[in-house]
Amino acid sequence: KVHDRIERVIREYEEEGHLEEIDLVRAERVAWSGAGVELDDETLSRLTMMVQQAWWEGILLPAGVFDILDELRSRGLKVGVCSNAPYRPESLHGQLRHLGLDRIFDSVTFSSEVGWRKPSPKLFHAALNALGTAPERTVMVGDRCREDIRGALEMNMGTIRTRQHVDDTCQDVEADAVIDSLDELLRVLFWW
């Protein structure tokens, strides 16, 4: 029930379109307090990490993702993550290690570390700085029109949208390319 409360607060915050990242520790405290449990900082942190680790076990990566990312890097491209992720950074980096993705990326930028969410230019600037590249030499690949595509276009980045889910915010924004699966990414990038 506590987990569901926290997830609901995060979802509502995201739906309201806030650019500043949510104070997740505060949301966790409120959720636990609502269940009648008061936790000290260390216990709350350990408990949150345990919940996140349990969640990692259910993650399935798309088939071929390592091959695709390795191919991009073998062709001299830098590959980074720029993610709206309100969770504790140590948990997020732990998840990447658990999945074996930490070895693939040249940079990883989470909104919880920067304090700002996409489409905020502040998060994109942080990601570009971490990757060491200029916007006009960078392509954002994402599945959310408002956050990923519009935000990247406003930064003068190239954009590729993946159709992983229906996104009602796509009516007034158009990506440079649209793909149905990551399998198409190499073809589109190198054709471009």
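Taking the side chain as every heavy atom from C-beta outward, Ile59 and His98 never approach each other to under 4.5 Å. Put simply, the side chain of Tyr87 reaches to within 4.5 Å of the side chain of Ile10, judged on heavy atoms. Considering only heavy atoms from C-beta on, Arg146 comes within 4.5 Å of Pro119 through its side chain. When side chains are defined from C-beta on, Tyr13 counts as touching Arg117, because their heavy atoms get closer than 4.5 Å. Contact check for Phe124 versus Thr109: no side-chain heavy atoms found under the 4.5 Å cut-off. Annotation: side chain of Leu19 is not in contact with side chain of Lys122 (no heavy-atom distance under 4.5 Å). Side-chain contact check for Glu21 versus Phe110: every heavy-atom pair is 4.5 Å or farther apart.
A donor-acceptor pair under 3.5 Å is absent between the side-chain atoms of Asp176 and the main chain of Ile160, judged by distance alone. A distance-only check finds a donor-acceptor pair linking the side chain of Arg29 to the backbone of Leu39 [under 3.5 Å]. Formation of a donor-acceptor pair under 3.5 Å by the Ser112 side chain with backbone atoms of Ala85 is found in this model. Distance alone, capped at 3.5 Å, places no donor-acceptor pair between the Arg75 side chain and the Phe190 backbone. Remark: the backbone N or O of Val30 is not paired with any side-chain donor or acceptor of Ser33 at under 3.5 angstrom. Checked by atom type and distance alone, the side chain of Glu184 pairs as donor or acceptor with a backbone atom of Ser181 at under 3.5 Å. Trp56 contributes a side-chain N or O that, together with a main-chain N or O of Gln52, makes up a donor-acceptor pair within less than 3.5 Å.
Other residues, nucleotides and ligands contribute at most 12 non-hydrogen atoms within 6.0 Å of the CD atom of Glu174. Around the CZ atom of Arg73, the shell of radius 6.0 Å holds more than 12 heavy atoms that belong to other residues, nucleotides or ligands.
Atom-to-atom distance recorded for Leu189:CG and Leu72:CG is 6.0 Å, nearest 0.5 angstrom. Here CZ of Arg137 is found 13.0 Å from CG of Asn156. Values are rounded to the nearest 0.5 Å. Considering CG of Asp143 and OG1 of Thr162, their distance stands at 4.5 Å, rounded to 0.5 Å. With rounding to the nearest 0.5 Å, the separation of CG in Asp67 from CG in Leu182 is 12.0 Å. Atom OG of Ser120 sits about 14.0 Å away from atom NE2 of His18, to the nearest 0.5 Å. Distance check: Met155 CE to Glu136 CD gives 9.5 Å after rounding to the nearest 0.5 Å.
With respect to the salt-bridge test (charged N to carboxylate O, under 4.0 angstrom), the residues Arg144 and Glu14 do not qualify. Salt-bridge check for Asp70 with Arg103: passed, with a basic side-chain N closer than 4.0 Å to an acidic carboxylate O.
Transitive grouping of hydrophobic side chains (ILVMFWY, heavy atoms separated by less than 4.5 Å) keeps Met140 and Leu186 in distinct clusters. A single hydrophobic cluster is seen to contain both Leu99 and Phe105, as judged by linkage of ILVMFWY side chains at heavy-atom distances under 4.5 Å, directly or through other members. In the hydrophobic cluster analysis, where Ile, Leu, Val, Met, Phe, Trp and Tyr join through side-chain heavy atoms closer than 4.5 angstrom, Leu44 is grouped apart from Met50. Residues Leu77 and Val139 share a single hydrophobic cluster, defined by chaining ILVMFWY side chains whose heavy atoms lie under 4.5 Å apart. Under the 4.5 Å side-chain heavy-atom criterion for Ile, Leu, Val, Met, Phe, Trp and Tyr, Val178 and Ile68 are members of distinct hydrophobic clusters.
In this structure, Gly100 and Ile104 approach most closely via the heavy-atom pair O-CG1, 4.2 Å. Of all heavy-atom pairs spanning Leu123 and Cys82, the tightest one is CG-SG, 3.9 Å. In terms of heavy-atom proximity, Arg88 sits nearest to Leu24 at N-CD2, 4.2 Å. When all heavy atoms are compared, the tightest approach of Thr159 to Ala175 is OG1-CA, 3.3 Å. Of all the heavy atoms in Ala27 and Val9, the pair that sits closest is CB-CG1, 4.1 Å. The heavy-atom pair separating Asp106 from Lys78 by the smallest distance is OD2-CA, 3.1 Å.
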Checking Trp116 against Glu20 for the side-chain contact (heavy atoms from CB on, under 4.5 Å) test, could you report, in this order, the C-alpha distance in whole Å, the side-chain angles of both residues, the deciding distance, and whether it holds?
CA-CA 4 Å; Trp116 294 92; Glu20 193 167 356; 3.9 Å; yes
Walk me through whether Val37 and Val2 qualify under side-chain contact (heavy atoms from CB on, under 4.5 Å).
CA-CA 10 Å; Val37 179; Val2 169; over 6 Å; no
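For the side-chain contact (heavy atoms from CB on, under 4.5 Å) with Asp148, the lone residue among Lys118, Arg161, Met157 that qualifies is Lys118.
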